[in-house]
Every structure is written in C-alpha cells, then in structure tokens.
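Single-structure report; data block below.
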Amino acid sequence: MVKDIFDTILEKEYHQLNSKELSELAEYCHNEKEFLSLKEVISKTKAVYAGPKLTSRATSKENLDQLFDKTYGNTKKGFLFYRNPLFQVAAAVLFIIVTWAFYNYSSSLPEKQQLAENTNSETKKTTNEDKKEEVKLVTQEEVVNDGIKESKNDSVEEDETKIQTQTRTSKAEQAPSPAIARQGEGNTFTSKAEVAGKANTNELNYESLALSETAIEKRTEQQKKTYQSYSAPATSAKDIQVDASKRNKQKTVLTSMNSSSQNNVLKFLVVKY
Amino acid sequence: MRLFKTSYETHTDEELMKKLASGDKQAFDVVYNRYASLLLNYFYRMLWKDREKSEDFMHDLFAKIIQKPASFDATRSFKTWIYSVANNMCKNEYKRQAVRAGTRNGLEEYMETKDDTSNSLQQTHFSLFRNEFQKKLDEMNEKHKEAFIYRHIDGLSIKEIAAILDISEGTIKSRIFYATKFLAEELIQYQPEKTKDHG
C-alpha cells in the first residue's frame, strides 16, 4: 500500500516533519500536542484490532460449495494434466525422439542384410577350411565310383575342361608320351601283348610300363600342383563360388589320381606275372 | 503460451474472477480464502458486533459472486468492488433497521488483548480503553466511521477507499482526520501523559 500522511504520523516525530507534511497536517493539527494525540489514537487502534480475527464457519463454505455446484454443475476439482502445455510439449518431444530412433533402426537394417564383400579375413577363413579339407582329402583312400563323376555339376565340368587345358599347355603339364597316351585311350595290356608278338615281349612291355609309370608320376605331380593351385585364396565374391567348385574339382582330381595310380599298379602286376 | 502452469495462489483477483465466471471451482476457493475472513470481520464491525448477522451477510455476498459473476466490472479492482458491495449491504441494513450502532450482543469474542504480560493493571487499563474505544467509534458520524475503519482497521489505501465509496481522495482524507480527532478528544483520559501513573 502506498504510504500516506497517516503512515507519516505513525513513523515520524513532530520535529522530523518537512514543510510539505506540515502544510498537509496544518488543517488538522496546529501544534505538537495535537500531533501526538492523533499518533496515539492511530497506534492504539492497531493494538485494539491486532488480535485474532474472526474466521468463517465450515458450514458457510459447504453451503457455498453446494450453491456453486448447483449453478455450474458438478465440476471436477482435479487438475487435467493433459491440458497442461508443458505435458503436451513433453509428449511431442517424446514422439519425435521415438520416431527418430525407429527411423535410425530401420535405416540400419539394410546394411546388415547386405552381403559383405570378401575380405582377406574371410578368404583366410576359406583357406583354412580348404586346408582342412585338403588334409581330409589327402588322408582319404576311398575308391571313387563312376557315380561320383556323374554327380558333377555343369560348372565343375566346365572348369575341369579348363584345368585339362591348363595341364596341357604348361611345360610341366606335357602331354604324356604317345605310348602312354595310347595307353590312356583305353588300350589294355592284352592289346599290347598282341601287337608285340616277340620273344622279348615282356621286357618291351616292362620298359614301356616303366616309361608309363614315370609319365604317370609326372601326371600325378601335375595334378597335385593343379590341386594346390585351386586352394589359392579367393579374392572376390565370384571366387567364393569358384572355391566351392574348386573343392569339388579337387575331390574329383584326387579321386582320378587315386584311380589312375591303382590302374597302373594293376597293369604292372599283370605284366610281371 | 504458459509452459509451466502457475498455482492459482499467484493469480490476481481479476484473473480468478474470470475463471470463476467459466465455472472454475478452484478459482472460487482461492477467492473465498482471500476475502472470507476480511469481509466477516468488516461486517462484524459494521453490524454492531453481531456474529450471526455477519456470517449471513458474508454468505450472501459470496452467493452473489457465484450467481452473478458478470456484475463484477473487470476494469475495476476486485478488492474495491467487493468492499463497495459490502458497504452497500451495510447501508441497506442500516436503512432497514433505522437504528444506529448501539446495541451489542455482549460477546466480543475476538477482542483479545495483544499484550498478555503478567501485568494485570496494564491489562485492565487496556481493556477499559478498548471498550471505550468501541463505544466512541459507534457514536461517530457514520461516514467518518466507515472511512476510519477502512483506513486504520481494514488497511485500505485512501485511493481504494475513494473508489469504494465513489468519492474524492481529499474527502476521504478529511473524513479520516475528523474521525481520528474525535476519538482523540473523547479518549483523552487514556493519553500517555494522563496515564503515566498507570503505566
């Protein structure tokens, strides 16, 4: 409350009043005695009415509440939290955060689904796997039936032809001697014996057989080299598939090596005995 | 837009009246808590210390606020408006009774002494002064009395009193001064110089 002249009378003494205040009081008090009497009444008035005030009864409030409800209807006294602007802003922020998180999660999914390119680490894995298979294959002494050859797929057959051409073109992959080639073409020892017709047929056959054995050894070595070349690490996605096919080829090469060596042994035994 | 909803306690009286007019019960509760005791004591002083009558007048005033909130002029101060309504109610009662303040119910229950020291003589002196004070206040000119009560008991400013009674501030100041001088002359025997022997 803005202080007025009556506050001045309470707070100041008569000799402390300025000219403006004195002029304002001039109409109501002319001397200090009258000033003091005014001051006494005002201070005692505050003392008289400074005690506890009357308070309204509870019944009065209840009656007014009933009148209010009757006039405006039963209104809930509670706070409608969803009408609070702060709550609405918080809900909007939460919605934005959830949407952003979901978008980031969904955008990251395709990356996970993409097939990773072959790296050295993966090729190393494949080489390790291949080595394991090589060990397995080397230790195998199974007789390969014609059914295994029949189980080849087309890509394997194509690569096999390529491998055969590779073996033929390199120096170490020289074609076997005509004698061996003829032998490899399916001629049996019995047909050789018929052609010879001489006393030293057996010796001739033995010599030819020895020659064939060296050729066979060479061929075996060549096949081993090709087998090892197939175990080279893959460097691309295609190579993964090629590796898989190569493994199959390795099997077939190895089986063919085993079968050819076995046939040669049989031939040797027949000639000798 | 307010992001942080403030408590109703911090709302002004005018804002609360606006919410009350739209059926906000909480706004009414705050207004009631602010002015119920003040108005009850005002009516008690103006209506011859009649507690029952004071309760009824206070209830009637708030009932009028509930039923006719549009009667409050939003351009005015709510405090001055509610006191002006209370003053008009008292004047109407005066006219109805046609009796000036003189009778009491004998139970001045709220007139408790502030000084509760063990000095019984001082308490007796104060009690006597208080009774005489009330008596002289009732004998005072009605216009002077209401201005004096508004200023020194209810604590309203001269500007607010002028708005309530719809008269000039100079007239209010003059009425208060005359009421104070009247009491000073009537209660001169209770002046400190006169009561030195009692203190």
Side-chain angles (χ1 to χ4, degrees), chain A residues 1-7 9-10 24-25 27-29 33-57 59-81 83-90, chain B residues 1-5 20 22-26 28-29 32 36-41 44-45 51 54-55 58-59 62-63 66-67 109-115 126 129-130 133-134 137 148 151-153 155-160 173-174 176-178 180-181 183-185 187-188 190-193:
Chain A
M1 188 179 74
V2 179
K3 288 190 175 181
D4 54 18
I5 188 64
F6 300 103
D7 296 317
I9 293 173
L10 275 175
E24 194 173 358
L25 285 170
E27 185 179 355
Y28 310 104
C29 65
K33 185 178 179 180
E34 293 177 357
F35 177 83
L36 290 173
S37 64
L38 293 175
K39 188 173 185 172
E40 187 70 18
V41 171
I42 294 170
S43 61
K44 284 191 173 174
T45 302
K46 291 187 181 300
V48 168
Y49 293 96
K53 308 292 184 188
L54 288 174
T55 56
S56 61
R57 294 171 183 159
T59 53
S60 298
K61 183 61 169 66
E62 292 173 1
N63 294 334
L64 289 170
D65 290 339
Q66 291 175 2
L67 178 63
F68 192 95
D69 293 337
K70 186 179 178 182
T71 304
Y72 297 99
N74 286 330
T75 56
K76 281 189 177 179
K77 200 175 178 181
F79 174 63
L80 301 176
F81 66 93
R83 288 188 180 178
N84 188 0
L86 180 62
F87 176 82
Q88 294 172 354
V89 170
Chain B
M1 182 183 74
R2 280 190 208 173
L3 290 179
F4 298 96
K5 192 174 177 65
L20 189 151
S22 61
D24 193 335
K25 180 68 165 51
Q26 194 174 356
F28 170 74
D29 292 339
Y32 182 86
S37 181
L38 292 173
L39 291 172
L40 178 64
N41 286 275
Y44 186 80
R45 289 189 295 271
R51 177 64 189 265
S54 300
E55 286 277 359
M58 189 269 293
H59 181 275
F62 278 101
I66 292 171
Q67 292 172 337
E109 55 194 273
Y110 81 108
M111 290 292 192
E112 294 180 9
T113 56
K114 187 181 182 183
D115 187 5
F126 186 80
F129 171 79
R130 186 181 64 193
F133 184 91
Q134 287 290 329
L137 192 64
F148 181 85
R151 176 61 186 84
H152 294 298
I153 299 174
L156 299 175
S157 66
I158 293 175
K159 188 177 181 180
E160 290 173 338
K173 195 183 296 184
S174 176
I176 295 172
F177 266 117
Y178 280 121
T180 308
K181 284 187 74 174
L183 290 171
E185 291 171 358
L187 300 171
I188 191 166
Y190 294 97
Q191 293 293 327
E193 297 171 350

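Each chain gets a letter, A, B and so on, in the order the sequences are listed, and its residues count up from 1.
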query = Which one, A/T71, A/L25, A/D65, leads in non-hydrogen pairs under 4.5 Å with chain B?
reply = A/D65
request  = Give the minimum heavy-atom separation between B/F148 and A/T45, together with the two atoms involved.
outcome  = CZ-OG1, 3.5 Å
remark   = Of all heavy-atom pairs linking A/L64 and B/F28, the shortest is CB-CZ, 4.0 Å
task = With side chain to side chain contact (heavy atoms under 4.5 Å, CB included) as the test, would you mind laying out the steps for B/L20 and A/F68 before giving the verdict?
result = CA-CA 10 Å; B/L20 189 151; A/F68 192 95; 4.2 Å; yes
request  = Check each atom of B/K173 against the heavy atoms of chain A and say whether the ones under 4.5 Å are side chain, backbone, both or neither.
outcome  = both
Residue list, ring-ring contact (aromatic ring centres under 6.0 Å, His included) with B/F129, at least two apart or on another chain = B/F133, B/Y190
request  = Name the member of B/S54, B/S22, B/A36, B/A63 that forms the most heavy-atom pairs with chain A at distances under 4.5 Å.
outcome  = B/A63
inquiry  = Please determine whether side chain to side chain contact (heavy atoms under 4.5 Å, CB included) holds for the pair A/Y72 and B/K25, giving the CA-CA distance in whole Å, both sets of side-chain angles, and the decisive distance to 0.1 Å.
reply    = CA-CA 9 Å; A/Y72 297 99; B/K25 180 68 165 51; over 6 Å; no
request  = Test A/D4 against B/R151 for side chain to side chain contact (heavy atoms under 4.5 Å, CB included), laying out the working first.
outcome  = CA-CA 10 Å; A/D4 54 18; B/R151 176 61 186 84; 2.7 Å; yes
note = So OG of A/S37 and NZ of B/K181: to nearest 0.5 Å the spacing works out to 8.0 Å
query = With only heavy atoms counted, which part of B/S174 is less than 4.5 Å from chain A, the side chain, the backbone, both or neither?
reply = both
message = Let's test your reading of the structure: which of B/L40, B/L38, B/L39 forms the most heavy-atom pairs below 4.5 Å with chain A?
response = B/L40
request  = Would you kindly say whether B/Y32 and A/S56 are connected by a side-chain donor-acceptor distance under 3.5 Å?
outcome  = yes
ask   = Shortest non-hydrogen contact from A/L54 to B/R51?
value = CD2-NH1, 3.2 Å
query = Which residue out of A/I9, A/L38, A/I5 racks up the most heavy-atom pairs below 4.5 Å with chain B?
reply = A/L38
remark   = Shortest non-hydrogen pair, A/K61 vs B/D29, comes out as NZ-OD1, 2.9 Å
ask   = How long is the gap from CG on B/L183 to NZ on A/K44, to the nearest 0.5 Å?
value = 12.0 Å
query = Do B/I158 and A/F6 come within less than 4.5 Å of each other through their side chains, counting heavy atoms only?
reply = yes
Residues which pass side chain to side chain contact (heavy atoms under 4.5 Å, CB included) with A/N63, listed by chain and number, not counting sequence neighbours = A/Q66, B/H59
message = Is B/F177 in contact with chain A via its backbone, its side chain, both, or neither, using a 4.5 Å heavy-atom distance?
response = both
inquiry  = Tell me the closest heavy-atom pair linking A/I42 and B/T180, and the distance in Å.
reply    = CG1-CG2, 4.1 Å
key: Flag if over 12 foreign heavy atoms under 6.0 Å of OH, A/Y28   = yes
ask   = Do you know the tightest heavy-atom contact between A/K46 and B/H152?
value = NZ-O, 4.3 Å
